[in-house]
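In what follows, chains carry the letters A, B, and so on, assigned in the order in which the sequence lines appear, proteins first and then strands, with residues in each chain numbered from 1.
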Protein chains: 2
Amino acid sequence: MSEPTEKPQRLKVIVADDQAAVREPLAAVLALSEDIEVVAAAADGTEVLAAVAGASVDVVLMDLRMPEMDGIEATRRLSEEHPETAVVVLTTFADDDSILAALSAGARGYLTKNAGRQDIVRAIRAAAAGQSVLDREVQDRLLATVRTRPSSPGQSLPADLTPREREVLTLIGQGLPNRAIAQQLFISEATVKTHINNLFAKADIRDRADAVRRALAAGLA
Amino acid sequence: MSEPTEKPQRLKVIVADDQAAVREPLAAVLALSEDIEVVAAAADGTEVLAAVAGASVDVVLMDLRMPEMDGIEATRRLSEEHPETAVVVLTTFADDDSILAALSAGARGYLTKNAGRQDIVRAIRAAAAGQSVLDREVQDRLLATVRTRPSSPGQSLPADLTPREREVLTLIGQGLPNRAIAQQLFISEATVKTHINNLFAKADIRDRADAVRRALAAGLA
DNA sequence: TTCCACCTGGACCCATGGGTGGACGTACAG
DNA sequence: CTGTACGTCCACCCATGGGTCCAGGTGGAA
(Lines give C-alpha, C1' and ligand atoms only; values in the text may rest on other atoms or scores of the structure.)
Protein backbone atom coordinates (compact mmCIF):
# COMPACT_ATOMS: atom_id res chain seq x y z
CA MET A 1 0.00 0.00 0.00
CA SER A 2 2.81 2.40 0.81
CA GLU A 3 4.81 3.03 -2.30
CA PRO A 4 8.13 4.81 -2.02
CA THR A 5 7.25 7.60 -4.42
CA GLU A 6 3.86 8.96 -5.32
CA LYS A 7 4.13 8.70 -9.08
CA PRO A 8 6.17 5.78 -10.25
CA GLN A 9 4.34 6.15 -13.54
CA ARG A 10 1.28 7.81 -14.90
CA LEU A 11 -1.89 6.11 -13.84
CA LYS A 12 -3.67 4.40 -16.70
CA VAL A 13 -7.35 5.16 -16.51
CA ILE A 14 -10.40 4.08 -18.50
CA VAL A 15 -13.52 6.21 -18.54
CA ALA A 16 -16.75 4.25 -18.91
CA ASP A 17 -20.02 6.03 -19.49
CA ASP A 18 -22.68 5.46 -22.11
CA GLN A 19 -23.28 9.15 -22.66
CA ALA A 20 -20.64 10.68 -24.87
CA ALA A 21 -21.56 14.09 -23.53
CA VAL A 22 -20.36 12.94 -20.13
CA ARG A 23 -17.58 10.64 -21.20
CA GLU A 24 -15.64 12.91 -23.51
CA PRO A 25 -15.34 16.01 -21.29
CA LEU A 26 -14.57 13.79 -18.34
CA ALA A 27 -11.72 12.11 -20.16
CA ALA A 28 -10.42 15.45 -21.32
CA VAL A 29 -10.47 17.00 -17.89
CA LEU A 30 -8.79 14.00 -16.31
CA ALA A 31 -6.00 14.16 -18.85
CA LEU A 32 -5.18 17.59 -17.47
CA SER A 33 -3.68 15.90 -14.47
CA GLU A 34 -0.15 15.08 -15.37
CA ASP A 35 -0.11 11.84 -13.42
CA ILE A 36 -3.17 10.47 -15.19
CA GLU A 37 -3.35 9.00 -18.64
CA VAL A 38 -6.71 8.16 -20.14
CA VAL A 39 -5.92 5.09 -22.19
CA ALA A 40 -9.42 4.30 -23.38
CA ALA A 41 -13.07 5.21 -23.22
CA ALA A 42 -15.95 2.76 -23.09
CA ALA A 43 -19.70 3.04 -23.58
CA ASP A 44 -20.70 -0.13 -21.79
CA GLY A 45 -19.38 -2.98 -19.68
CA THR A 46 -18.28 -5.19 -22.53
CA GLU A 47 -16.13 -2.42 -23.95
CA VAL A 48 -14.56 -1.96 -20.53
CA LEU A 49 -13.63 -5.60 -20.24
CA ALA A 50 -12.21 -5.62 -23.74
CA ALA A 51 -10.14 -2.54 -23.10
CA VAL A 52 -8.77 -3.85 -19.82
CA ALA A 53 -7.85 -7.16 -21.42
CA GLY A 54 -5.71 -5.34 -23.95
CA ALA A 55 -3.60 -3.14 -21.73
CA SER A 56 -2.69 -3.05 -18.05
CA VAL A 57 -5.09 -0.57 -16.53
CA ASP A 58 -4.83 0.94 -13.08
CA VAL A 59 -8.28 2.42 -12.59
CA VAL A 60 -11.65 2.26 -14.32
CA LEU A 61 -13.96 5.19 -13.75
CA MET A 62 -17.29 3.44 -14.10
CA ASP A 63 -20.84 4.61 -14.62
CA LEU A 64 -23.51 2.26 -13.35
CA ARG A 65 -26.28 2.78 -15.88
CA MET A 66 -24.99 1.42 -19.15
CA PRO A 67 -26.53 -0.69 -21.92
CA GLU A 68 -25.45 -4.26 -22.67
CA MET A 69 -23.53 -4.83 -19.48
CA ASP A 70 -24.07 -2.43 -16.59
CA GLY A 71 -21.43 -1.11 -14.27
CA ILE A 72 -22.21 -3.53 -11.46
CA GLU A 73 -21.69 -6.59 -13.58
CA ALA A 74 -18.62 -5.12 -15.23
CA THR A 75 -17.16 -4.34 -11.82
CA ARG A 76 -17.81 -7.86 -10.64
CA ARG A 77 -16.08 -9.45 -13.59
CA LEU A 78 -13.24 -6.98 -13.46
CA SER A 79 -12.49 -7.67 -9.82
CA GLU A 80 -12.44 -11.37 -10.57
CA GLU A 81 -10.44 -11.38 -13.77
CA HIS A 82 -8.29 -8.34 -13.13
CA PRO A 83 -8.09 -7.71 -9.39
CA GLU A 84 -5.12 -5.41 -9.95
CA THR A 85 -7.42 -2.99 -11.75
CA ALA A 86 -9.39 -0.79 -9.36
CA VAL A 87 -12.90 0.41 -10.07
CA VAL A 88 -14.21 3.80 -9.02
CA VAL A 89 -17.94 4.25 -9.52
CA LEU A 90 -19.09 7.64 -10.72
CA THR A 91 -22.84 7.87 -11.00
CA THR A 92 -25.82 10.09 -10.33
CA PHE A 93 -27.51 7.46 -8.22
CA ALA A 94 -26.67 7.12 -4.55
CA ASP A 95 -29.40 4.78 -3.32
CA ASP A 96 -28.60 2.01 -0.88
CA ASP A 97 -29.03 -0.76 -3.40
CA SER A 98 -26.65 0.72 -5.93
CA ILE A 99 -24.03 1.50 -3.31
CA LEU A 100 -24.14 -1.92 -1.73
CA ALA A 101 -24.21 -3.70 -5.05
CA ALA A 102 -21.29 -1.74 -6.44
CA LEU A 103 -19.09 -2.07 -3.38
CA SER A 104 -19.98 -5.71 -2.97
CA ALA A 105 -19.01 -6.23 -6.58
CA GLY A 106 -15.57 -4.92 -5.70
CA ALA A 107 -15.64 -1.22 -6.39
CA ARG A 108 -12.94 0.68 -4.52
CA GLY A 109 -14.65 4.02 -4.68
CA TYR A 110 -18.10 5.52 -5.10
CA LEU A 111 -18.63 9.09 -6.18
CA THR A 112 -21.74 10.94 -7.19
CA LYS A 113 -21.69 13.16 -10.21
CA ASN A 114 -21.63 16.33 -8.20
CA ALA A 115 -18.07 15.48 -7.31
CA GLY A 116 -15.56 17.97 -8.64
CA ARG A 117 -12.54 17.28 -10.77
CA GLN A 118 -10.22 17.23 -7.80
CA ASP A 119 -12.49 14.83 -5.98
CA ILE A 120 -12.41 12.44 -8.89
CA VAL A 121 -8.68 12.71 -9.35
CA ARG A 122 -8.14 12.10 -5.66
CA ALA A 123 -10.35 9.03 -5.77
CA ILE A 124 -8.45 7.66 -8.74
CA ARG A 125 -5.14 8.09 -7.01
CA ALA A 126 -6.43 6.52 -3.83
CA ALA A 127 -7.97 3.58 -5.64
CA ALA A 128 -4.73 2.96 -7.51
CA ALA A 129 -2.94 2.90 -4.16
CA GLY A 130 -5.39 0.38 -2.73
CA GLN A 131 -7.43 2.81 -0.74
CA SER A 132 -11.11 3.43 -1.06
CA VAL A 133 -12.79 6.79 -1.44
CA LEU A 134 -16.46 7.43 -0.86
CA ASP A 135 -18.52 10.56 -1.08
CA ARG A 136 -19.68 11.77 2.27
CA GLU A 137 -23.32 10.93 1.63
CA VAL A 138 -22.35 7.51 0.33
CA GLN A 139 -20.49 6.67 3.50
CA ASP A 140 -23.41 7.95 5.55
CA ARG A 141 -25.80 5.69 3.72
CA LEU A 142 -23.48 2.74 4.04
CA LEU A 143 -23.20 3.33 7.75
CA ALA A 144 -26.92 3.77 8.14
CA THR A 145 -27.51 0.30 6.77
CA VAL A 146 -24.89 -1.06 9.14
CA ARG A 147 -26.29 0.68 12.16
CA THR A 148 -29.52 -1.25 11.90
CA ARG A 149 -27.29 -4.08 13.09
CA PRO A 150 -25.01 -2.43 15.64
CA SER A 151 -23.11 -5.69 16.20
CA SER A 152 -22.19 -4.35 19.61
CA PRO A 153 -24.00 -7.07 21.54
CA GLY A 154 -26.18 -6.34 24.52
CA GLN A 155 -25.66 -2.64 24.18
CA SER A 156 -29.17 -1.29 24.46
CA LEU A 157 -30.26 -3.83 27.05
CA PRO A 158 -29.96 -3.44 30.82
CA ALA A 159 -27.09 -5.43 32.20
CA ASP A 160 -29.03 -7.09 34.98
CA LEU A 161 -30.72 -9.66 32.78
CA THR A 162 -29.95 -13.17 33.95
CA PRO A 163 -28.34 -15.54 31.44
CA ARG A 164 -31.55 -17.48 31.20
CA GLU A 165 -33.57 -14.37 30.48
CA ARG A 166 -31.14 -13.35 27.80
CA GLU A 167 -31.45 -16.79 26.30
CA VAL A 168 -35.22 -16.56 26.21
CA LEU A 169 -35.05 -13.10 24.68
CA THR A 170 -32.79 -14.42 21.95
CA LEU A 171 -35.30 -17.09 21.02
CA ILE A 172 -38.12 -14.57 21.05
CA GLY A 173 -36.02 -12.53 18.66
CA GLN A 174 -35.94 -15.51 16.35
CA GLY A 175 -39.71 -15.49 16.24
CA LEU A 176 -40.33 -18.63 18.26
CA PRO A 177 -43.58 -19.06 20.23
CA ASN A 178 -43.38 -19.87 23.92
CA ARG A 179 -43.98 -23.56 23.34
CA ALA A 180 -41.04 -23.89 20.99
CA ILE A 181 -38.85 -21.92 23.39
CA ALA A 182 -39.85 -24.28 26.18
CA GLN A 183 -38.97 -27.34 24.11
CA GLN A 184 -35.68 -25.89 23.01
CA LEU A 185 -34.63 -25.07 26.58
CA PHE A 186 -36.08 -28.25 28.07
CA ILE A 187 -38.26 -26.33 30.47
CA SER A 188 -42.02 -25.88 30.80
CA GLU A 189 -44.00 -23.23 29.03
CA ALA A 190 -44.93 -21.76 32.40
CA THR A 191 -41.27 -21.17 33.15
CA VAL A 192 -40.81 -19.49 29.82
CA LYS A 193 -43.64 -17.14 30.67
CA THR A 194 -42.06 -16.37 34.00
CA HIS A 195 -38.76 -15.49 32.39
CA ILE A 196 -40.56 -13.40 29.81
CA ASN A 197 -42.47 -11.47 32.43
CA ASN A 198 -39.32 -10.83 34.40
CA LEU A 199 -37.26 -9.68 31.48
CA PHE A 200 -40.08 -7.54 30.12
CA ALA A 201 -40.18 -5.72 33.44
CA LYS A 202 -36.42 -5.35 33.65
CA ALA A 203 -35.86 -4.20 30.10
CA ASP A 204 -39.02 -2.13 29.81
CA ILE A 205 -40.38 -4.22 26.97
CA ARG A 206 -44.09 -3.90 26.28
CA ASP A 207 -44.98 -6.95 24.25
CA ARG A 208 -43.55 -9.65 22.08
CA ALA A 209 -43.20 -7.49 19.00
CA ASP A 210 -41.25 -4.97 21.01
CA ALA A 211 -39.11 -7.80 22.33
CA VAL A 212 -38.24 -8.92 18.82
CA ARG A 213 -37.14 -5.43 17.91
CA ARG A 214 -35.05 -5.02 21.03
CA ALA A 215 -33.47 -8.43 20.60
CA LEU A 216 -32.48 -7.64 17.03
CA ALA A 217 -31.27 -4.18 17.97
CA ALA A 218 -29.13 -5.69 20.70
CA GLY A 219 -27.61 -8.16 18.31
CA LEU A 220 -29.13 -11.20 19.97
CA ALA A 221 -29.98 -12.84 16.68
CA MET B 1 -17.44 19.27 -2.17
CA SER B 2 -15.94 20.54 -5.39
CA GLU B 3 -13.68 23.46 -4.69
CA PRO B 4 -12.46 25.58 -7.58
CA THR B 5 -8.78 25.12 -6.78
CA GLU B 6 -7.08 22.32 -4.91
CA LYS B 7 -5.25 24.43 -2.35
CA PRO B 8 -7.15 27.53 -1.34
CA GLN B 9 -5.07 27.45 1.82
CA ARG B 10 -2.87 25.08 3.72
CA LEU B 11 -4.87 22.44 5.54
CA LYS B 12 -4.69 22.82 9.28
CA VAL B 13 -4.11 19.44 10.84
CA ILE B 14 -3.90 18.14 14.40
CA VAL B 15 -2.05 14.94 15.16
CA ALA B 16 -3.46 13.00 18.12
CA ASP B 17 -1.60 10.01 19.51
CA ASP B 18 -0.60 9.19 23.05
CA GLN B 19 2.79 7.86 22.04
CA ALA B 20 5.26 10.64 21.37
CA ALA B 21 7.36 8.21 19.38
CA VAL B 22 4.52 7.97 16.90
CA ARG B 23 3.17 11.47 17.18
CA GLU B 24 6.31 13.48 16.63
CA PRO B 25 7.65 11.78 13.49
CA LEU B 26 4.16 11.71 12.07
CA ALA B 27 3.73 15.43 12.55
CA ALA B 28 7.17 16.04 11.06
CA VAL B 29 6.57 13.94 7.99
CA LEU B 30 3.16 15.50 7.39
CA ALA B 31 4.68 18.95 7.53
CA LEU B 32 6.77 17.98 4.52
CA SER B 33 3.66 18.32 2.39
CA GLU B 34 3.45 21.94 1.43
CA ASP B 35 -0.34 22.03 1.58
CA ILE B 36 -0.44 20.72 5.15
CA GLU B 37 0.23 22.63 8.31
CA VAL B 38 0.38 20.76 11.59
CA VAL B 39 -1.05 23.30 14.00
CA ALA B 40 -1.01 21.18 17.14
CA ALA B 41 -0.32 17.78 18.62
CA ALA B 42 -2.41 16.06 21.25
CA ALA B 43 -1.87 13.08 23.54
CA ASP B 44 -5.49 12.35 24.35
CA GLY B 45 -9.04 13.31 23.47
CA THR B 46 -9.34 16.21 25.86
CA GLU B 47 -6.27 17.85 24.36
CA VAL B 48 -7.78 17.42 20.92
CA LEU B 49 -10.99 19.15 21.91
CA ALA B 50 -9.10 21.96 23.56
CA ALA B 51 -6.89 22.47 20.52
CA VAL B 52 -9.81 22.47 18.11
CA ALA B 53 -11.70 24.94 20.25
CA GLY B 54 -8.79 27.35 19.95
CA ALA B 55 -8.20 27.43 16.23
CA SER B 56 -10.17 26.49 13.14
CA VAL B 57 -8.91 23.03 12.27
CA ASP B 58 -9.55 21.19 9.03
CA VAL B 59 -8.57 17.65 9.91
CA VAL B 60 -7.70 15.70 13.05
CA LEU B 61 -5.54 12.64 12.57
CA MET B 62 -6.77 10.53 15.46
CA ASP B 63 -5.46 7.49 17.24
CA LEU B 64 -8.08 5.37 18.94
CA ARG B 65 -6.24 4.10 21.99
CA MET B 66 -5.60 7.09 24.17
CA PRO B 67 -5.82 7.73 27.92
CA GLU B 68 -8.39 10.03 29.51
CA MET B 69 -10.65 10.32 26.50
CA ASP B 70 -10.23 7.82 23.70
CA GLY B 71 -10.44 8.54 20.01
CA ILE B 72 -14.01 7.30 19.62
CA GLU B 73 -15.40 9.64 22.21
CA ALA B 74 -13.29 12.51 20.98
CA THR B 75 -14.55 11.91 17.46
CA ARG B 76 -18.13 11.85 18.64
CA ARG B 77 -17.84 15.16 20.45
CA LEU B 78 -15.88 16.71 17.66
CA SER B 79 -18.47 15.84 15.04
CA GLU B 80 -21.14 17.34 17.26
CA GLU B 81 -19.41 20.50 18.36
CA HIS B 82 -17.24 21.11 15.29
CA PRO B 83 -18.80 19.33 12.33
CA GLU B 84 -16.62 21.37 10.00
CA THR B 85 -13.57 19.58 11.36
CA ALA B 86 -13.01 16.17 9.80
CA VAL B 87 -11.57 13.22 11.67
CA VAL B 88 -9.32 10.63 10.09
CA VAL B 89 -8.62 7.64 12.27
CA LEU B 90 -5.13 6.22 12.17
CA THR B 91 -4.73 3.16 14.32
CA THR B 92 -3.21 -0.29 14.48
CA PHE B 93 -6.56 -1.91 15.17
CA ALA B 94 -8.88 -2.80 12.35
CA ASP B 95 -11.47 -4.94 14.12
CA ASP B 96 -15.13 -4.58 13.26
CA ASP B 97 -16.09 -2.95 16.51
CA SER B 98 -13.47 -0.24 16.28
CA ILE B 99 -14.27 0.50 12.66
CA LEU B 100 -17.99 0.70 13.21
CA ALA B 101 -17.66 2.71 16.38
CA ALA B 102 -15.29 5.21 14.81
CA LEU B 103 -17.28 5.70 11.63
CA SER B 104 -20.54 5.86 13.52
CA ALA B 105 -18.99 8.50 15.72
CA GLY B 106 -18.43 10.56 12.61
CA ALA B 107 -14.94 9.71 11.39
CA ARG B 108 -14.42 10.53 7.72
CA GLY B 109 -11.53 8.18 7.23
CA TYR B 110 -10.00 5.06 8.73
CA LEU B 111 -6.42 4.06 8.09
CA THR B 112 -4.28 1.40 9.65
CA LYS B 113 -0.76 2.19 10.67
CA ASN B 114 0.78 0.35 7.78
CA ALA B 115 -0.48 3.14 5.58
CA GLY B 116 2.30 5.11 3.95
CA ARG B 117 2.86 8.81 4.07
CA GLN B 118 1.16 9.38 0.75
CA ASP B 119 -1.82 7.35 1.88
CA ILE B 120 -2.19 9.49 4.95
CA VAL B 121 -1.76 12.74 3.08
CA ARG B 122 -4.30 11.65 0.53
CA ALA B 123 -6.79 10.78 3.25
CA ILE B 124 -6.30 14.15 4.90
CA ARG B 125 -6.94 15.99 1.66
CA ALA B 126 -9.99 13.89 0.91
CA ALA B 127 -11.42 14.34 4.40
CA ALA B 128 -10.95 18.09 4.19
CA ALA B 129 -12.86 18.04 0.91
CA GLY B 130 -15.73 16.10 2.45
CA GLN B 131 -14.79 12.75 1.07
CA SER B 132 -14.08 9.63 3.03
CA VAL B 133 -11.05 7.41 2.67
CA LEU B 134 -10.79 3.89 3.98
CA ASP B 135 -8.04 1.33 3.82
CA ARG B 136 -8.87 -1.55 1.58
CA GLU B 137 -9.15 -4.02 4.43
CA VAL B 138 -11.28 -1.58 6.40
CA GLN B 139 -13.77 -1.26 3.59
CA ASP B 140 -13.81 -5.01 3.18
CA ARG B 141 -14.65 -5.49 6.82
CA LEU B 142 -17.30 -2.81 6.72
CA LEU B 143 -18.89 -4.45 3.73
CA ALA B 144 -18.72 -7.86 5.33
CA THR B 145 -20.74 -6.66 8.30
CA VAL B 146 -23.24 -5.08 5.95
CA ARG B 147 -23.65 -8.21 3.90
CA THR B 148 -24.56 -10.30 6.94
CA ARG B 149 -27.64 -8.13 7.17
CA PRO B 150 -28.46 -7.17 3.59
CA SER B 151 -31.33 -4.87 4.57
CA SER B 152 -31.95 -4.30 0.90
CA PRO B 153 -35.45 -2.88 1.02
CA GLY B 154 -38.40 -4.89 -0.14
CA GLN B 155 -36.20 -7.68 -1.29
CA SER B 156 -37.37 -10.51 0.88
CA LEU B 157 -41.03 -9.59 0.54
CA PRO B 158 -43.30 -10.68 -2.29
CA ALA B 159 -44.10 -7.85 -4.65
CA ASP B 160 -47.85 -8.40 -4.70
CA LEU B 161 -48.50 -6.75 -1.36
CA THR B 162 -50.99 -3.92 -1.69
CA PRO B 163 -49.89 -0.47 -0.51
CA ARG B 164 -52.21 -0.73 2.45
CA GLU B 165 -50.81 -4.08 3.46
CA ARG B 166 -47.30 -2.75 3.22
CA GLU B 167 -48.34 0.15 5.40
CA VAL B 168 -49.79 -2.14 8.03
CA LEU B 169 -46.69 -4.32 7.97
CA THR B 170 -44.54 -1.27 8.54
CA LEU B 171 -46.50 -0.35 11.64
CA ILE B 172 -46.33 -3.91 12.91
CA GLY B 173 -42.60 -3.66 12.45
CA GLN B 174 -42.63 -0.65 14.73
CA GLY B 175 -44.17 -2.78 17.43
CA LEU B 176 -47.62 -1.23 17.41
CA PRO B 177 -50.66 -3.30 18.50
CA ASN B 178 -53.63 -3.56 16.17
CA ARG B 179 -55.57 -0.87 17.99
CA ALA B 180 -52.82 1.69 17.56
CA ILE B 181 -52.45 0.73 13.91
CA ALA B 182 -56.18 1.23 13.44
CA GLN B 183 -56.07 4.67 15.02
CA GLN B 184 -53.05 5.72 13.04
CA LEU B 185 -54.61 4.68 9.73
CA PHE B 186 -58.12 5.93 10.66
CA ILE B 187 -59.66 2.53 10.07
CA SER B 188 -61.27 -0.02 12.36
CA GLU B 189 -59.40 -2.72 14.17
CA ALA B 190 -61.34 -5.31 12.18
CA THR B 191 -59.95 -3.90 8.97
CA VAL B 192 -56.46 -4.00 10.36
CA LYS B 193 -56.93 -7.66 11.13
CA THR B 194 -58.16 -8.30 7.63
CA HIS B 195 -55.10 -6.66 6.12
CA ILE B 196 -52.89 -8.58 8.49
CA ASN B 197 -54.45 -11.88 7.56
CA ASN B 198 -54.10 -11.15 3.88
CA LEU B 199 -50.51 -10.07 4.07
CA PHE B 200 -49.57 -12.93 6.33
CA ALA B 201 -50.91 -15.34 3.74
CA LYS B 202 -49.21 -13.57 0.85
CA ALA B 203 -45.83 -13.17 2.49
CA ASP B 204 -45.84 -16.50 4.31
CA ILE B 205 -45.61 -14.85 7.70
CA ARG B 206 -46.56 -17.01 10.66
CA ASP B 207 -47.25 -14.58 13.49
CA ARG B 208 -46.60 -11.08 14.65
CA ALA B 209 -43.08 -11.72 15.84
CA ASP B 210 -42.22 -13.13 12.46
CA ALA B 211 -43.81 -10.08 10.87
CA VAL B 212 -41.61 -7.76 12.90
CA ARG B 213 -38.49 -9.57 11.77
CA ARG B 214 -39.54 -9.59 8.15
CA ALA B 215 -40.49 -5.93 8.25
CA LEU B 216 -37.12 -4.99 9.69
CA ALA B 217 -35.28 -7.25 7.28
CA ALA B 218 -37.12 -5.64 4.40
CA GLY B 219 -36.16 -2.19 5.57
CA LEU B 220 -39.70 -1.15 6.41
CA ALA B 221 -38.59 0.57 9.58
C1' DT C 1 -71.81 -3.21 -18.05
C1' DT C 2 -69.38 -6.64 -15.93
C1' DC C 3 -65.57 -8.06 -13.55
C1' DC C 4 -61.91 -7.73 -10.40
C1' DA C 5 -58.68 -5.78 -7.04
C1' DC C 6 -58.66 -3.23 -3.11
C1' DC C 7 -60.21 -1.17 1.17
C1' DT C 8 -63.43 -1.35 4.41
C1' DG C 9 -66.22 -3.52 8.19
C1' DG C 10 -68.57 -7.06 11.28
C1' DA C 11 -69.26 -11.57 13.76
C1' DC C 12 -67.45 -15.50 15.76
C1' DC C 13 -64.09 -18.72 17.79
C1' DC C 14 -60.18 -20.29 20.06
C1' DA C 15 -55.15 -20.32 20.64
C1' DT C 16 -51.57 -17.56 22.41
C1' DG C 17 -49.71 -14.07 25.04
C1' DG C 18 -49.13 -11.49 29.15
C1' DG C 19 -50.04 -10.43 34.34
C1' DT C 20 -50.39 -11.96 39.13
C1' DG C 21 -49.38 -14.62 42.90
C1' DG C 22 -47.49 -18.33 44.95
C1' DA C 23 -44.29 -22.34 45.62
C1' DC C 24 -39.92 -25.19 45.82
C1' DG C 25 -34.94 -26.18 45.40
C1' DT C 26 -30.12 -24.79 44.89
C1' DA C 27 -26.19 -22.05 45.21
C1' DC C 28 -23.69 -18.46 47.04
C1' DA C 29 -22.50 -14.59 50.19
C1' DG C 30 -23.19 -12.36 54.38
C1' DC D 1 -27.01 -20.17 59.27
C1' DT D 2 -29.85 -17.05 56.86
C1' DG D 3 -30.93 -14.04 53.35
C1' DT D 4 -30.90 -13.37 48.49
C1' DA D 5 -30.72 -14.39 43.64
C1' DC D 6 -31.84 -17.62 40.31
C1' DG D 7 -34.26 -21.14 37.98
C1' DT D 8 -37.93 -24.08 37.94
C1' DC D 9 -43.00 -24.87 38.08
C1' DC D 10 -48.23 -24.30 38.87
C1' DA D 11 -53.02 -22.04 38.65
C1' DC D 12 -55.90 -18.48 37.25
C1' DC D 13 -57.57 -14.64 34.47
C1' DC D 14 -58.44 -12.04 30.44
C1' DA D 15 -56.70 -9.10 26.74
C1' DT D 16 -54.77 -9.67 22.31
C1' DG D 17 -53.79 -12.02 18.30
C1' DG D 18 -54.95 -14.81 14.43
C1' DG D 19 -58.32 -17.57 11.42
C1' DT D 20 -62.64 -17.88 9.09
C1' DC D 21 -66.63 -16.34 6.70
C1' DC D 22 -69.14 -12.90 4.94
C1' DA D 23 -70.41 -8.35 2.80
C1' DG D 24 -70.70 -3.38 1.13
C1' DG D 25 -68.38 0.35 -1.58
C1' DT D 26 -65.15 2.18 -4.96
C1' DG D 27 -62.47 2.56 -9.08
C1' DG D 28 -60.30 0.90 -13.03
C1' DA D 29 -59.97 -2.60 -16.73
C1' DA D 30 -61.92 -5.86 -19.98
### Query
Between the main-chain N or O of B:D17 and the side-chain N or O of B:R23, is there a donor-acceptor pair closer than 3.5 Å?
yes
### Task
State, to the nearest 10°, the angle formed by the axis through the first five base pairs of the helix from C:dT1-D:dA30 to C:dC28-D:dG3 and the axis through its last five.
40°
### Query
Any salt bridge between B:R77 and B:E80, counting N to O under 4.0 Å?
no
#### Entry: Between C:dG19 (C1') and A:I205 (CD1): distance, integer Å
16 Å
### Query
Roughly how many Å is it from CG in A:L199 to C1' in C:dG18, rounded to a whole number?
12 Å
### Task
Give every residue pair that meets the salt bridge (Lys or Arg N to Asp or Glu O under 4.0 Å) criterion with at least one member in residues 184-199 of chain B, sequence neighbours excluded.
B:R179-B:E189
### Summary
Between CG of A:D204 and P of C:dG19 the distance, given in whole Å, is 11 Å
### Task
Rounded to the nearest angstrom, tell me the gap between atom CD1 in B:I181 and atom P in C:dG9.
14 Å
### Query
Would you say the side-chain atoms of B:D95 pair up with the backbone N or O of B:S98, donor to acceptor, closer than 3.5 Å?
yes
### Query
When the distance from CZ of B:F200 to P of D:dG18 is rounded to whole Å, what number comes out?
5 Å
### Query
Listed by chain and number, what are the salt bridge (Lys or Arg N to Asp or Glu O under 4.0 Å) partners of B:D210, not counting sequence neighbours?
B:R206, B:R213
### N/O (side chain, B:N197) to phosphate O (OP1/OP2, D:dG18) under 4.0 Å
no
Validation: residues 51-64 of chain B side-chain donor-acceptor distances under 3.5 Å, sequence neighbours left out:
| unit_1 | atom_1 | unit_2 | atom_2 | d |
| --- | --- | --- | --- | --- |
| B:D58 | OD2 | B:K12 | N | 2.7 |

#### Entry: Counterpart residues, salt bridge (Lys or Arg N to Asp or Glu O under 4.0 Å), relative to B:R208 (two or more places apart)
none
### Query
If every non-hydrogen atom of A:H195 is compared with every non-hydrogen atom of A:I187, which pair is closest and at what distance?
CD2-CD1, 4.2 Å
### Query
Reading nucleotides 6-17 of chain D 5' to 3', which nucleotides get B (base under 4.0 Å from a protein heavy atom), which S (sugar-phosphate only), which -?
SSBBB-----SB
